[in-house]
Participant: 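I'd like to ask you about the structure that follows.
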Amino acid sequence: MPQTGRVDAPALLAMEGLVLADYEAPRILIARMSAIGDTLLTLPVACALRRAFPNSSITWVVEQKSSPFVANHPALDETIVLPRGWFTSPARILSLRKTLRDRQFDIAIDCQSITKSALACWLSSAPRRIGCSGQYGAELSTWLNNELIEPTKSHLTDRSLELLKPLGIEHPVVEWHPPVDEEAIAAMGDYISAQQLEGGYAVINPGATWDSKLWEMDRFAAVARHLRDAHDLPTLVVWGGKRELAWAEQIANESAGAATLAVKTTLHELAALLLGARLLVSADTGPLHLSVAVRTPVIGLYGSTRPQDCGPYGPPHIALQNRYEAGSRKQRRNADNSAMREISVTEVCAACDRLLARELRVKRPAA
């Protein structure tokens, strides 16, 4: 297993703005504001910093929507939660400036590298503000950050970890450690028992933030039927909001009894539900990355985004893509789902078979 890289004592003295005592216990700010999936993909940054600087004070500034899996994270000392659109209010900017400067940060790491995340780092007055350059340094971030790293890797997790290189962290262990909500685990345990799913279940997540990321609901229903017929595995269909509820109901209705509409969940309850699942089938969206974080195998379906950029990270997960919807972010977001429709039911079912076969091999006792 690769270990976290560390710089030696002579190198410490050459680090501008930091003395040895600061290096041993630096005050660090992480900025990743929005998008639940992207926030989850950035959790390894907090874990790597805690491994490298066990006595440090680490704070994460995040917007409300993405805060559930940052707040109370075991690698963090504090989470500062901001309302959406905070950067459009002079009063909120001034308030955040005071909050951040009171903490006297030594280092700010801008994992998002857009204007609002870089603004938070700049407001902190941290002498070292590390962010991305090149194609990943967007908007005003390259003006507000003062140490720019051009990532060489494409996956969001990997390129976020590359921002730690100036701190001597070269090859970090990739860890997630999302906070465990015991009440949510207990509630979902009771639900699974009531549904008589103790023998195992799969999860389908039909929703996505972009319509161009959506797969067809009748195809999800066909996958649920395959899981039942080939593996005797029932499926729960999770959802969030009225639009996704309608899709989940359609999948359950067309599955011939193979899929069940899941109970409405909070994000922590969804994490607990995924924690007990044998696999998840989903497009590129928050629940997919949450499943990776809780170590549940994932089959990710990709069209308008690329697995090499934001796919389910590492083995045993499987990402499927037959065509990439090329273009700008706006063009890809506003495209139809024709690229997603090029992924067939047969391919998804075969991926399910591979994951479940691997699960059996892993669990089989040694001879």
Side-chain angles (χ1 to χ4, degrees), residues 36-37 39-41 43 64-76 79 175-209 217 220-221 223-224 227-228 231-253 255 257-300 312-313 316-317 352 355-356 359 362-363:
I36 294 171
T39 300
L40 287 162
L41 286 171
L43 291 181
Q64 181 68 50
K65 181 180 179 181
S66 300
S67 65
F69 297 105
V70 177
N72 300 316
H73 191 282
L76 299 175
T79 304
E175 302 170 296
W176 311 95
H177 300 307
V180 176
D181 186 308
E182 297 297 340
E183 290 186 4
I185 290 176
M188 289 299 98
D190 291 342
Y191 171 69
I192 292 304
S193 179
Q195 295 293 314
Q196 299 181 333
L197 296 174
E198 296 96 330
Y201 57 92
V203 174
I204 283 175
N205 173 61
T209 52
M217 302 308 137
F220 278 123
V223 171
L227 289 170
R228 178 196 59 193
H231 301 282
D232 196 24
L233 188 64
T235 297
L236 287 173
V237 189
V238 296
W239 54 278
K242 290 183 179 179
R243 191 167 80 139
E244 292 186 14
L245 173 58
W247 295 333
E249 289 175 334
Q250 179 184 345
I251 293 167
N253 290 338
S255 72
T260 301
L261 179 70
V263 67
K264 183 178 181 180
T265 59
T266 65
L267 283 175
H268 281 293
E269 288 169 343
L270 177 59
L273 202 61
L274 291 170
L275 186 63
R278 289 174 61 186
L279 64 84
L280 168 75
V281 182
S282 175
D284 173 25
T285 191
L288 180 149
H289 302 296
L290 180 56
S291 191
V292 172
V294 299
R295 300 185 177 183
T296 293
V298 167
I299 296 166
Y313 192 91
H317 314 295
C352 291
L355 276 187
L356 292 170
E359 175 191 70
V362 169
K363 288 185 176 181

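For the numbers below, each heavy atom of this structure counts, side chains included, while hydrogens, waters and symmetry mates do not. Numbering of residues begins at 1 and proceeds along the displayed sequence.
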Participant: Return yes when atom CD of Q196 has more than 12 non-hydrogen atoms of other residues, nucleotides or ligands closer than 6.0 Å, and no otherwise.
Facilitator: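 Atom CD in Q196 is not crowded, with 12 or fewer foreign heavy atoms closer than 6.0 Å.
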Participant: Answer whether the closest heavy-atom distance between the side chains of I192 and L236 falls below 4.5 Å.
Facilitator: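 Sidechains of L236 and I192: in contact.
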Participant: With heavy-atom distances below 4.5 Å as the criterion, would you say the side chains of T235 and S255 are in contact?
Facilitator: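 No. Closest side-chain heavy atoms not under 4.5 Å.
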Participant: Hey, is CZ on R295 packed in by over 12 heavy atoms from elsewhere, all under 6.0 Å?
Facilitator: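 No, CZ of R295 has 12 or fewer neighbouring heavy atoms, counting only those of other groups under 6.0 Å.
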Participant: Quick check: do E175 and L43 have side-chain heavy atoms less than 4.5 Å from each other?
Facilitator: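 They are not in side-chain contact.
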Participant: What closest approach, in Å, do L273 and Y191 show between heavy atoms, and which atom pair accounts for it?
Facilitator: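 Answer, listing the atom of L273 first, then Y191: CD1-CD2, 4.2 Å.
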Participant: Answer whether the closest heavy-atom distance between the side chains of K65 and I36 falls below 4.5 Å.
Facilitator: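 A side-chain contact exists here, since the closest heavy-atom pair is under 4.5 Å.
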Participant: How close do H177 and H73 get, heavy atom to heavy atom, and via which atoms?
Facilitator: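 The answer is O-NE2, 3.0 Å.
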Participant: In the structure I gave you, are the side-chain heavy atoms of L275 and V180 within less than 4.5 Å of one another anywhere?
Facilitator: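 In short, these two side chains do not touch, never coming nearer than 4.5 Å.
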Participant: Counting only N and O atoms by type, is there a donor-acceptor contact under 3.5 Å from the side chain of W176 to the main-chain atoms of L40?
Facilitator: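 Judged by distance alone, no pair lies under 3.5 Å.
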Participant: Heavy-atom distance under 4.5 Å between the side chains of L270 and P287, does that happen here?
Facilitator: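 Yes - at least one pair of side-chain heavy atoms lies under 4.5 Å apart.
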Participant: As a quick check of understanding, evaluate side-chain contact (heavy atoms from CB on, under 4.5 Å) for T265 and V238, giving each step before the final call.
Facilitator: CA-CA 8 Å; T265 59; V238 296; 5.6 Å; no
Participant: List the atom of A283, the atom of L288, and the distance in Å for their closest heavy-atom pair.
Facilitator: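 Looking at all heavy atoms of both residues, the shortest contact is O-CD1, 3.3 Å.
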Participant: Could you tell me the separation between the CE atom of M188 and the CG atom of L197, rounded to the nearest 0.5 Å?
Facilitator: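 Between atom CE of M188 and atom CG of L197 there are 12.0 Å.
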Participant: Give the intermediate values and the outcome of side-chain contact (heavy atoms from CB on, under 4.5 Å) for residues T79 and N72.
Facilitator: CA-CA 8 Å; T79 304; N72 300 316; over 6 Å; no
Participant: Which pair of non-hydrogen atoms, one from M217 and one from I251, has the smallest distance, and what is that distance?
Facilitator: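 In terms of heavy atoms, the two residues are closest at O-CG1, 3.6 Å.
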Participant: Judged by atom type as modelled, is there a donor-acceptor pair below 3.5 Å linking the side chain of H268 to the main-chain atoms of P68?
Facilitator: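 Such a contact is found between H268 side chain and P68 backbone.
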Participant: Within the structure provided, determine whether V298 and S282 are in side-chain contact (heavy-atom separation under 4.5 Å).
Facilitator: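 Answer no - side chains too far apart.
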Participant: Kindly say whether D190 contributes a backbone atom to a donor-acceptor pair with the side chain of S193 at under 3.5 angstrom?
Facilitator: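 No: the side chain of S193 does not pair with the backbone of D190.
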Participant: Evaluate the criterion side-chain contact (heavy atoms from CB on, under 4.5 Å) for residue pair E249 and V237; output intermediate values, then yes/no.
Facilitator: CA-CA 8 Å; E249 289 175 334; V237 189; over 6 Å; no
Participant: Is E183 atom CD crowded by more than 12 heavy atoms from other residues, nucleotides or ligands, each under 6.0 Å away?
Facilitator: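 Count not over threshold, so no.
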Participant: Give, for atom NZ of K264 and atom CD of E244, the distance between the pair rounded to the nearest 0.5 Å.
Facilitator: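 Between K264 NZ and E244 CD, I get 12.0 Å after rounding to 0.5 Å.
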Participant: Minimum heavy-atom separation for S291 and L280, please, with both atom names.
Facilitator: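 Where S291 meets L280 most closely, the heavy atoms are CB-CD2, 3.6 Å.
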Participant: So, taking the atom named CG in D181 and the one named CZ in F69, what distance separates them when rounded to the nearest 0.5 Å?
Facilitator: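 Spacing of CG (D181) from CZ (F69) equals 8.5 Å.
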Participant: Could you pull out the closest heavy-atom pair between Y313 and V292, with the gap in Å?
Facilitator: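 Minimum heavy-atom separation between Y313 and V292: O-CG1, 3.9 Å.
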Participant: Roughly how far, to the nearest 0.5 Å, is SG of C352 from CD1 of I299?
Facilitator: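 Going from CD1 on I299 over to SG on C352, the span is 3.5 Å.
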Participant: Do N205 and T285 have side-chain heavy atoms sitting under 4.5 Å apart?
Facilitator: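 When only atoms from C-beta onward are counted, T285 and N205 do touch, with a gap below 4.5 Å.
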